[in-house]
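So the structure is just underneath, and the comments pick up after that.
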Amino acid sequence: MSRRGGPYHAAHALPCLAVISMHEAHQPLQDVRVLELAQIMAGPTCGLMLADLGADVVKVERFPGGDDARGFKGAAPGTEDGLPPGFMILNRGKRSVALDLKRPEGIAALHRLVMEADVLTENFRPGTMERLGIGYEDLRRINPRLIFCSVTGYGGQGPLVGRGGFDLILQAFAGLISVTGEPGRRPVKPGVSIADINAGILAAFGIMAAYIHRLRTGEGQRVETSLLQAAMQQTYWFAAAWFATGAVPGPMGTAHPLVAPYETFPCADGELAIGGANESNWRRLAELLGHPEWLDDPRFQSSGERLANRDVLSELIGGVTRARSRAEWEVLLVDAGIPVGPVQTIGEALDHPQAAAVGMVTDVGHPSGGTMRALGFPINLDSRNIAADRPPPRLGEHTAEVLAEAGLTELEISELLRCRAAFAPSPPSGTAGAHAQEVAMTSKE
């Protein structure tokens, strides 16, 4: 049993994947510098993936305020400055520089950072970066090798280009909400931020393609994606139906638009997902459930007939599965070779040994010291999973450090801090950050 009671079977347990820190192995993007001007979720998801691949990701946050996600509710107990869990899970492995980009001194400091950068990510509304004088054309003159990645709401062109982008809004606009929920009831939003997260993944994918292009040609590139594109990409099956017939199904609960039975079914203690859609699995399922006569029923003899009579078939199957628990059915179905999985809570899924075995739950640094659990990198390279384990940063925690790396003198850094074009917090005494801050402020003493 898992720590919270989710069923698994020792016979099927896997040894945990080797999870090692960034300091123990060369990473594919080691020595690549990423400036993350993006905030909240889509852009930081991209940055997190690049950090897990070894990139030095520097959050360039506005001052005052920082990433809006710093203000989201749910501050984690024990975090000295109350960083919310949602911010921490997306921003581990990164450093933070705080600049006031409405001041010319802040823009000048960003230009210095761009000179040494490989990638810049941003998710402002189209035109905002240009108005600030830090658009793609502005920055490529400073650094022709720069890969400039924009994540917007509706894309960089078209009649809706000026609108802001929010996950809920683009899920609605792209049609995802119209096909989610139970038949006969109001559609619902999927429980996760599909548009945001997928946009971040697509941004990282595009950056990697542009990086390969730069390795071959020496030239940077502009990369663009949007929440609209990220949401619409999820509609393959529904788009296929629309293009072919001009019609798409409405909400179908957990059922599939093309095959049956392929959905969740009630058990004595919850729900179980069963995949009995192809012919061999269907035959094994009917036999296992004790109803071989279903195989000769004209309503269920072909895939098309099972799909046409899905509601009747689902009721019949559910009438049988209600008699036993999820764990009992899982054992029987696995042993029969039928695809099956319990409908788990998020906690049950995260506590399951399989999550640790593939590196999806890992320990990383906590801002207050010690470690915290976090989602790991969802790709294994050479049978290893390497997580960026630097703690999520306080706002401006690395301002002096990063500006010094970009070649600014102690006097220049001190002046930026004095005129509040840049910000660095007062770090705990005796830390490396305290020393960097002390160096940066030397000229004021």
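Values below: all heavy atoms of this structure, side chains included; hydrogens, waters and symmetry mates excluded. Just so you know, residue 1 is the first one in the sequence shown, and it goes up from there.
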Please table the atom pairs, donor to acceptor, closer than 3.5 Å between any side-chain atom in residues 188-209 and protein atoms at least two apart or in another chain.
residue: N198; atom: ND2; partner: A230; partner atom: O; Å: 2.9
residue: N198; atom: ND2; partner: Q233; partner atom: OE1; Å: 2.7

Task: Residues V248, W237; criterion side-chain contact (heavy atoms from CB on, under 4.5 Å); working and verdict - done: CA-CA 9 Å; V248 292; W237 290 128; over 6 Å; no
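- Only one option out of R131, E130, R125 pairs with T128 in a side chain to side chain donor-acceptor pair (under 3.5 Å); it is R131.
- Partners of R103 under the salt bridge (charged side-chain N to carboxylate O under 4.0 Å, His left out) rule, at least two apart in sequence or in another chain, are E105.
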TODO: I would like to know whether L90 and T45 meet side-chain contact (heavy atoms from CB on, under 4.5 Å); could you show each step before the answer?
DONE: CA-CA 6 Å; L90 286 171; T45 296; 3.6 Å; yes
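- Counting only distance, with no hydrogens or angles, the side chain of D389 and the backbone of G365 share no donor-acceptor pair below 3.5 Å.
- E219 contributes atom CD, which lies 11.5 Å from atom CD1 of I147 (distance to the nearest 0.5 angstrom).
- Counting non-hydrogen atoms of other residues, nucleotides and ligands closer than 6.0 Å to CD1 of I346 gives a total of 12 or fewer.
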Open item on the list: I'd like to know whether D167 forms a side-chain contact (heavy atoms from CB on, under 4.5 Å) with Q171, so could you lay out the CA-CA distance, the side-chain angles of the two residues, the decisive distance to 0.1 Å, and finally the verdict.
Closed with: CA-CA 6 Å; D167 180 85; Q171 285 201 40; 2.7 Å; yes
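- Screening residues 153-166 for salt bridge (charged side-chain N to carboxylate O under 4.0 Å, His left out), with sequence neighbours left out, gives no hits.
- In this structure the side chain of T235 reaches within 4.5 angstrom of the side chain of L176, judged on heavy atoms.
- Between atom CG of residue L416 and atom CZ of residue R112 there is a gap of 9.5 Å, rounded to the nearest 0.5 Å.
- For T245, there are no side chain to side chain donor-acceptor pair (under 3.5 Å) partners at least two apart in sequence or on another chain.
- T121 contributes atom OG1, which lies 7.0 Å from atom CG of L37 (distance to the nearest 0.5 angstrom).
- Residues passing the salt bridge (charged side-chain N to carboxylate O under 4.0 Å, His left out) test with R33, sequence neighbours excluded: D56, E405.
- When the salt bridge (charged side-chain N to carboxylate O under 4.0 Å, His left out) test is applied to E263, no partner is found at least two apart in sequence or on another chain.
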Per-pair distances, 0.1 Å, donor-acceptor, side chain in residues 148-161, under 3.5 Å, sequence neighbours excluded:
residue: S150; atom: OG; partner: E122; partner atom: OE2; Å: 2.5
residue: S150; atom: OG; partner: R222; partner atom: NH2; Å: 3.3
residue: T152; atom: OG1; partner: G155; partner atom: N; Å: 3.0

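- Remark: E182 pairs with R185 by the side chain to side chain contact (heavy atoms under 4.5 Å, CB included) rule, at least two apart or across chains.
- Distance alone, capped at 3.5 Å, is enough to place a donor-acceptor pair between the S314 side chain and the R310 backbone.
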Task: salt bridge (charged side-chain N to carboxylate O under 4.0 Å, His left out) between E348 and R326, intermediate numbers included - done: CA-CA 13 Å; E348 288 173 330; R326 293 183 307 170; 3.5 Å; yes
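- With sequence neighbours excluded, no residue forms a side chain to side chain donor-acceptor pair (under 3.5 Å) with T345.
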In residues 133-143, what donor-acceptor pairs under 3.5 Å come from side-chain atoms, sequence neighbours left out?
residue: D138; atom: OD1; partner: R141; partner atom: NH2; Å: 3.0
residue: D138; atom: OD2; partner: G135; partner atom: N; Å: 3.0
residue: R141; atom: NH1; partner: E137; partner atom: O; Å: 3.4
residue: N143; atom: OD1; partner: R145; partner atom: N; Å: 3.0
residue: N143; atom: ND2; partner: V114; partner atom: O; Å: 3.0
residue: N143; atom: ND2; partner: A117; partner atom: O; Å: 2.8

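- Proximity of a side-chain donor or acceptor of E397 to a complementary backbone N or O of R394 within less than 3.5 Å is detected.
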- [ ] Starting from the C-alpha separation in whole Å, work towards a yes-or-no answer on side-chain contact (heavy atoms from CB on, under 4.5 Å) for D52 and R92.
- [x] CA-CA 9 Å; D52 279 338; R92 61 175 174 79; 2.7 Å; yes
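- Other residues, nucleotides and ligands contribute more than 12 heavy atoms inside 6.0 Å of the CZ atom of F238.
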Under 3.5 Å, which donor-acceptor pairs do the side chains of residues 57-68 form with other protein atoms, sequence neighbours left out?
residue: K59; atom: NZ; partner: E36; partner atom: OE2; Å: 2.8
residue: K59; atom: NZ; partner: D67; partner atom: OD2; Å: 3.0
residue: K59; atom: NZ; partner: N91; partner atom: OD1; Å: 3.0
residue: E61; atom: OE1; partner: D67; partner atom: N; Å: 2.8
residue: E61; atom: OE1; partner: R70; partner atom: NE; Å: 2.8
residue: E61; atom: OE2; partner: R70; partner atom: NH2; Å: 2.8
residue: E61; atom: OE2; partner: S96; partner atom: OG; Å: 2.7
residue: R62; atom: NH1; partner: Q39; partner atom: OE1; Å: 3.3
residue: R62; atom: NH1; partner: G66; partner atom: O; Å: 3.2
residue: R62; atom: NH2; partner: D68; partner atom: OD1; Å: 2.4
residue: D67; atom: OD1; partner: I40; partner atom: N; Å: 3.0
residue: D67; atom: OD1; partner: A69; partner atom: N; Å: 2.9
residue: D67; atom: OD2; partner: I40; partner atom: N; Å: 3.4
residue: D68; atom: OD2; partner: Q39; partner atom: NE2; Å: 3.4

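- A404 is linked by a side chain to side chain contact (heavy atoms under 4.5 Å, CB included) to I413, counting only residues two or more places apart in sequence or in another chain.
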